[in-house]
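Inspection log for the structure reproduced underneath, given as structure tokens.
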Amino acid sequence: MAGLGLLDFGFEFVEIFAFVVLATVGLAVIFGMMGIINLAHGEFILVGAYATTFSFAAGLPLPLAMLAGVVITAVFGVVLERLIIRHLYGRLLDSMVVTWGISLVMIQLVRIVFGNSAPGIGIPFGQLPIVDGPVYYLVLAVIAVGLLGGLYALFMWTDFGVRARATMQDEETARSMGIDTDRMYASTFAIGSALAGLTGALYAPVMPITPEYGTGFLVEAFVAVVVGGASVIVGTVLASGFLGTVNAAVTNVAGTFMGQVAMLIAAIVAIRLLPEGITGLLADLREKRGESE
Amino acid sequence: MTGRGVARRDVLAGSVATALTGLAGCVAEGGMVGFESGSDGPTLAVLEDRSRDFALTGTPKYRTTMLAIEEINRDGGILGEEIDVFAPDPQSDNMRYQDLTRHAIYREDVDAMWAGYSSATREAIRPIVNDHEQLYFYTTQYEGGVCDKTVFPLGATARQQLGAVVPYMIDEYGDEIYTIAADYNFGQLSGDWVRIIAEEHGAEVVGEEYIPLDESQFGSTINNIQSADPDFVMSMLVGQDHSSFYEQRLASGLTDVPIGTSTNMAQEYEHLRIDPPALQDVYAGVNYMEELPTDRNEAFVERYDERWDDAEYINQEAQNNYFSVYLYKEAVERAGTFETDAVLEQLESGLEVEAPEGDIALDPATHHMEHNMRVAHADENHEITFTESETIGPAFLEEVGCDLTSEAEQTQYEPDAFYEVA
Amino acid sequence: MAVSDPTIKTKPAVDETGRKSSRVLQTRDLRKEFGGLTATDDVDFALEEGELRCLIGPNGAGKSTFLNLLTGQLEPTAGSIYYDGHDITAMPSHERVERGISMKFQVPSIYEGLTVAQNLRVPLQQVVDDDFAVRTREILERFDLLAERETTASDLSHGQQQRLEIGMAMALEPKLLLLDEPVAGLSVEETAEIADLLCEIAADDGVALIVIEHDIDFVESIADRVTVLDQGTIFREGSIEEIKADPEVKRIYLGEDH
Amino acid sequence: MSVDSSDGHLAQLRRPFEGPNTLGNSSAFWAGLAVAVALLAAMPVVFGYYAAEVGAVFLAYALLGMSLAFIWGYCGILSFGQVAFFGVAGYAFGIVAINVSTLTGATLGLLAAVAVSTAFAAVLGYFMFYGGVRDVYVTILTLVVALVLFTFMGQTAGGEWAIGDARLGGFNGMSGVPDLGIGVGSVGLEVGLVGHYYVTLGTVVATYLGLRALVNSQFGYAMVATREDETRTEMFGYDTTFIKFAVFTIGGAIAGLGGVLFTTQNNYIDPSVFGITAAALPVVWASVGGRTSLLGTVGAALAIQFVDYQLAISGSEWALVFIGSLLVFVVLVMPEGVAPRLHDHVAEYREPNDPEPAETPAATDYPGGDD
Amino acid sequence: MLEITNVHASYSKTPILRGIDVSVETGEIVGIMGKNGVGKTTLVKTVMGLLEADEGRIVFDGEDVTDEPADVRARHGMGYIPQGRDVFPELTVEENLRMGETINDGTDDLQYDAVYDYFPILEERRDQEAGTMSGGQQQLLAIGRALIGNPELLVLDEPSEGVQPSIVQDITRDLRRVNEELGTTILFVEQNLHVVQRLGERCYAIDKGAIVDELGPERLESRDAVTEYLAV
């Protein structure tokens with residue numbers, strides 16, 4: 001019985017961890033790399049979900065429909081970046097206000113254009129033995145972990161990643177090193193958007209799709225970004241792990257509501273103890289060493 | 001102004017005992033610039049959400065109401081007067097509902113209003129409605145218990161809906177019930193009713209879970225149900241986040257446990273929005289669903305589809321709005337005037353109406369409806385079939401002793417005050 | 001705050017009658033570590049009233065860290081700081097300022113969005129309660145900024161910004177003024193002006209100054225004494241001539257030109 | 001700008017409210033403000049109870065907006081959870097006033113509500129500022145606090161969530177909140193419909209003047225200096241942590257006052273005041289109106305809520321699209337907000353023909369502008 | 001190699017450069033000296049394309065680059081060393097150097113060996129984050145980074161700024177070596193007397209946004225001639 005309880009807890013954790021990581025990762029890239037707080041993050045997810053579900057309804061196989069969701073969201077992100085977001089670099093708070101406006105517009109436009117609901121997609125892959133949960137959740141968790149690894153490799157090891165980081169740290173110098181910084185901004189934003197789109201695509205079968213679909217991801221995403229701090233990938237992993245554990249543990253004992261409340265309170269306490277997030281702690285140590293000269 | 005009594009707050013305003021008195025004293029209710037609505041005819045307020053959270057359920061309500069009003073106008077209006085409509089979009093925002101209710105009362109001088117989907121909305125505007133003794137039709141299926149002189153909660157109450165489905169489920173499947181419900185007033189009171197009705201039928205609630213409205217991950221809930229292994233689940237889940245439950249239920253293999261509900265399918269048409277067989281063996285206690293196979297209903301659905309090209313599902317509330325407009329028309333015509341008191345008197349005379357769900361009557365004492373309740377069953381293809389209907393009245397308020405014909409109350413009663421619901 | 005012990009045991013800052021000596025600042029074994037790195041290594045440093053001391057040394061010698069320890073922006077790992085006869089080691093920054101320690105940053109850190117007059121108002125209201133206009137005018141005249149009083153600080157020239165910042169530091173009527181590279185990026189004329197101003201502040205106002213500076217010509221034009229820091233410790237201390245002549249200082253810092 | 005001798009007394013009276021930290025220091029500005037207040041005061045007389053009821057709600061919002069402009073515009077603290085104090089005060093008033101009936105309850109409720117919101121802001125502020133939480137983390141933390149309240153209050157439906165006679169009511173909200181009043185027992189002043197409007201208007205005007213005096217005081221300079229450069233300000237001997245803490249607390253008190261006026265007007269409050277839409281509204285007002293302008297924010301709160309309301313009445317499904325687009329447009333085109341931009345234009349226009357007197361040694365002379 | 005003709009430029013509508021004419025031959029080391037605030041940095045930024053010229057022409061290597069953005073100019077072979085310590089603080093030393101690979105797109109002749117040879121410290125600390133190095137080391141990194149792509153022209157903005165005297169001397173010496181051994185043309189702006197005299201083969205004097213004098217090797221020897229424009 002205790003073994004089964006532990007298994008349940010493990011599965012619960014996998015489910016929540018995947019959800020927090022996937023909800024967060026697009027936002028984290030855009031915030032961590034570009035200093036833009038995207039309050040329309042949920043609506044980027046919405047674009048991915050709609051694109052997926054309509055592609056699926058139009059007859060595409062599910063993986064291709066999801067790919068369509070990702071691509072369409074990325075394109076959408078680039079357009080938005082070129083039109084609006086690029087004016088907001090270095091204006092963190094303004095970026096919040098503007099993206100909130102964008103979110104309002106998008107939700108309502110989606111409603112006007114597509115109506116109040118969209119066709120559903122069933123959860124694929126069937127169920128697991130013993131814990132009786134959907135296999136799909138395990139798939140999501142694997143994708144989440146893979147995504148984080150991939151992103152880490154992309155930003156830390158590839159030329160593109162190093163250039164993108166250089167651009168975000170000092171645009172002018174990067175440009176004078178021969179880097180097309182406009183393209184770097186647009187591509188980084190596109191990656192963030194594509195990730196949000198992927199989240200929408202992956203959760204399209206799990207949650208019925210309505211224009212308010214995106215708001216369901218918002219709280220987890222913001223909390224995890226803040227708890228994670230400036231270092232995108234490491235921060236997201238640590239924060240998702242931490243919040244997922246708290247949420248899963250408390251949910252297991254005291255129910256869903258208490259799980260959520262516990263997660264939010266844990267987040268507040270974490271921010272209080274680590275004002276710059278988990279990775280801020282690391283940066284802090286580094287900075288102090290830098291100051292010593 | 002119509003013949004309303006002087007409202008409570010007007011008196012208070014007059015009693016302000018300082019310099020304010022001077023100012024307040026010279027403020028007339030209508031101000032120096034009077035507001036007359038465009039025509040002399042009746043104006044009805046239709047405050048139904050067409051954006052944000054409740055748009056899914058609000059839009060069909062708005063549309064059937066407009067359909068009814070247009071039909072009436074086409075047939076010559078009420079008392080020969082064409083009906084005007086004040087129909088803004090409250091955007092699922094209770095504060096905006098309050099503003100718009102004031103606007104409807106002061107500026108549009110409406111004769112009756114239909115407003116709101118959620119109980120929260122109703123409770124937000126009821127103080128204003130009470131202040132102005134405004135005739136108000138609230139048509140959502142709800143927790144029940146509102147006993148209010150000018151308010152007509154015409155939707156089926158929890159007692160009526162659960163009274164149809166819970167005994168049916170106990171008969172069919174057994175006596176161990178697991179309740180999952182939205183964590184707010186409606187859900188909690190519905191949970192109470194399930195316990196009360198279960199007890200009346202010798203069944204037992206073996207587990208109970210109240211879920212926050214914005215929760216969309218049901219892993220642990222499904223787990224708990226699986227370990228409790230009930231004969232059936234009673235679901236009073238509400239809203240779009242909660243509809244994820246059914247897909248997750250399917251993916252977790254919980255479809256072998258049948259589900260009774262008072263909130264799903266008839267409101268947010270989950271059986272059409274979610275791919276089969278996620279709602280396989282879901283049984284809803286309803287007074288109406290669009291699929292109801294009667295000639296009268298089929299004609300109604302056809303008229304609706306003709307009027308609105310991108311017509312959405314007609315939910316239970318939309319039907320309630322539709323017939324209640326006709327009910328109001330009947331009352332006005334019997335009264336021969338739009339005066340609130342006279343119309344109230346007629347409404348309290350035991351009117352009957354030919355609704356798409358069947359012929360039903362208004363209970364004068366409680367301002368609630370007797371409904372034709374039936375159990376709707378979704379099969380693995382989400383095809384709906386119905387049981388025979390039975391007429392169920394608003395029993396609870398009668399038991400409580402609410403009689404608005406003799407005493408003008410403005411109360412909401414709750415079952416825990418009258419039943420043992422531990 | 002820890003002002004209960006006005007005496008300094010090892011080097012008495014208080015004479016037998018209890019009157020304060022002229023020593024305005026004294027650090028004892030002052031030490032600051034970052035992680036495994038020792039930025040300030042057991043520094044004993046003393047400064048007299050009205051003295052103008054220059055602090056030089058290679059990049060990374062710990063000059064800025066030392067200044068930040070004095071202002072209280074950094075907390076020392078060990079050791080103590082005595083100012084005006086009181087132990088201020090644990091005193092928060094703003095209280096040190098109230099007691100007369102004032103600082104001018106390396107990068108001009110005036111309030112760029114405010115006017116010159118508004119800028120001055122911020123330190124001024126710490127020392128006076130009204131009469132801001134009169135005091136503002138005095139300072140503006142002294143620092144030659146009268147014509148710019150309504151100019152937004154970001155529109156000032158670099159030299160004006162430096163003067164404004166020194167003016168703001170002086171508005172606090174400090175006893176000890178700390179300056180981090182006050183002439184970096186200034187033209188030679190502007191540098192000369194600042195040099196005159198600093199000498200005047202030391203001589204006329206009796207303010208003790210510690211100046212960090214790379215420009216050795218500038219150091220030569222102002223300093224009474226020079227302290228050379230290297231790897232967190234005091235490497236040499238003496239008159240400018242002694243320092244310039246020291247071959248070791250040449251090797252680690254000055255190079256062969258000087 | 002130039003003050004002629006005939007209104008020398010007025011100038012004397014104005015002095016505490018003027019300074020370079022506020023826009024609008026000219027006679028023309030004050031005259032305009034007086035006219036605007038008079039017009040607002042005339043609204044119920046002209047348009048009746050309706051205007052009083054709806055107007056009072058908008059004015060309560062204006063207080064909420066002002067509380068944000070004060071802490072964000074003047075001290076650089078962007079709180080995305082200003083509604084937390086607004087809502088907490090509303091609930092606190094309800095709890096006290098429902099339990100202690102009569103005017104005593106309303107009076108105690110008012111005091112308790114403002115005390116609770118102030119204390120709440122103080123605790124949160126202490127927690128954040130003395131804990132080293134900064135910048136955007138303050139913003140998101142405050143937002144999360146509001147959302148926690150939203151989630152928490154939403155599930156207080158059961159009978160166990162009652163404090164005395166006051167049911168918190170969960171998602172349905174708390175109804176039956178009494179009117180505002182001052183007094184003991186039945187003796188005193190009961191503030192009903194129209195009275196409520198004037199009380200709210202008076203509170204807005206008094207708060208505006210009070211905040212003007214505050215931001216132009218020594219403390220105001222300290223706030224502005226903290227906003228501009230915290231480290232620098234600390235080096236001038238200011239305890240900037242305390243300054244931020246104090247400003248945040250005052251902001252919480254003002255938001256709380258707004259919350260009481262809001263709740264007593266509606267006789268109702270529900271958790272949606274803590275939701276993300278509500279939380280974003282003050283930020284929208286301050287952004288559009290100009291966060292460094294208290295009056296700009298008040299104007300924006302009134303104007304935006306009014307336009308939004310009109311759009312809702314017209315029943316257009318495009319209302320939200322319009323509001324959202326407006327927001328994007330204003331922030332992109334006028335990042336500093338409408339009021340400061342307007343002020344610059346007026347100043348530019350007036351400068352050539354209304355030059356600053358060359359020699360004015362007075363302490364408070366600065367180029368006066370209008371907005 | 002570089003021909004700047006009648007260039008005007010302004011910062012937020014305030015004119016800074018008022019008709020600059022400068023020409024640099026291949027293999028030369030040319031300095032532009034002037035006091036603070038006379039337009040030195042503006043000139044460098046205009047040359048690099050970080051600031052748009054209002055008027056005039058900039059021809060680099062026979063090509064008119066006046067309307068090209070900075071990244072295109074860099075890929076044409078302009079290596080830039082910004083004022084102060086503009087390394088990417090959160091990238092490692094090696095990653096910083098990698099950023100220089102895009103300079104001078106035409107060549108695949110990356111100069112890691114030469115850079116590590118000139119500045120061995122960069123090889124020692126290749127995995128360290130640049131922001132944690134001392135100011136002098138950061139300056140070396142900035143120079144090394146600009147050299148990686150083997151640029152034809154190296155543009156330096158006040159290399160002595162904020163660097164201690166002994167390191168200033170080292171940097172001057174290293175730059176001369178770069179010029180001799182790699183044949184890199186160098187254009188720098190400075191107000192440090194030592195750098196102007198020791199590094200420049202030929203120097204322009206700039207004042208109030210215009211070139212006011214040109215000094216050959218002999219006049220550069222004279223402290224007085226130079227200090228006239230630096231006003232010592």
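Heavy atoms only: backbone and side chains are in, while hydrogens, waters and symmetry mates are out. Every chain is numbered from 1, with letters handed out A, B, ... down the list of sequences.
- Nearest heavy-atom pair across D:V331 and A:R91 is O-NH2, 3.0 Å.
- Put simply, CZ on A:F222 and CG on D:L141 are 13.5 Å apart, with the number rounded to the nearest 0.5 Å.
- Taking chain A as the reference chain and counting heavy-atom pairs below 4.5 Å, the highest number among D:V288, D:V138, D:V148 is found for D:V148.
- Rounding to the nearest 0.5 Å gives a distance of 5.0 Å between CG of A:L218 and CD1 of D:I276.
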- Apply the test side chain to side chain contact (heavy atoms under 4.5 Å, CB included) to residues D:V145 and A:L264: give CA-CA distance (whole Å), side-chain angles for both, the deciding distance (0.1 Å), then the verdict. CA-CA 8 Å; D:V145 166; A:L264 292 176; over 6 Å; no

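- Crowding of D:F242 atom CZ: a count of heavy atoms from other residues, nucleotides or ligands under 6.0 Å not exceeding 12.
- The shortest non-hydrogen separation linking D:L327 to A:W100 is CD2-CE3, 3.7 Å.
- Within the 4.5 angstrom heavy-atom criterion, only side-chain atoms of D:S287, from C-beta onward, approach chain A.
- Side chains of A:V219 and D:V144 form no contact here, defined as non-hydrogen atoms less than 4.5 Å apart.
- Using a 4.5 Å cut-off between heavy atoms, A:I107 makes no contact with chain D at all.
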- Item | Working for side chain to side chain contact (heavy atoms under 4.5 Å, CB included), residues A:I102 and D:V328 | CA-CA 7 Å; A:I102 292 173; D:V328 173; 3.9 Å; yes

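- In terms of heavy atoms, A:V105 sits closest to D:S325 at CG2-N, 3.5 Å.
- For A:M106, no part lies under 4.5 angstrom from a heavy atom of chain D.
- Proximity to chain A (any heavy atom under 4.5 Å) is restricted, for D:F80, to the side chain, taken from C-beta onward.
- Taking chain D as the reference chain and counting heavy-atom pairs below 4.5 Å, the highest number among A:I265, A:L109, A:T215 is found for A:L109.
- Most heavy-atom pairs under 4.5 Å with chain A: of the set D:L332, D:V283, D:L147, this distinction falls to D:L332.
- Heavy atoms of other residues, nucleotides or ligands lying less than 6.0 angstrom from OH of D:Y126 number 12 at most.
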- Do A:M96 and D:T139 pass the side chain to side chain contact (heavy atoms under 4.5 Å, CB included) test, and can you show the C-alpha distance, the side-chain angles, and the key distance before you say yes or no? CA-CA 10 Å; A:M96 282 180 97; D:T139 306; 3.7 Å; yes

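- Residues from residues 73-89 of chain A that place a non-hydrogen atom less than 4.5 Å from a non-hydrogen atom of chain D comprise A:I84, A:H87, A:L88, given in numerical order.
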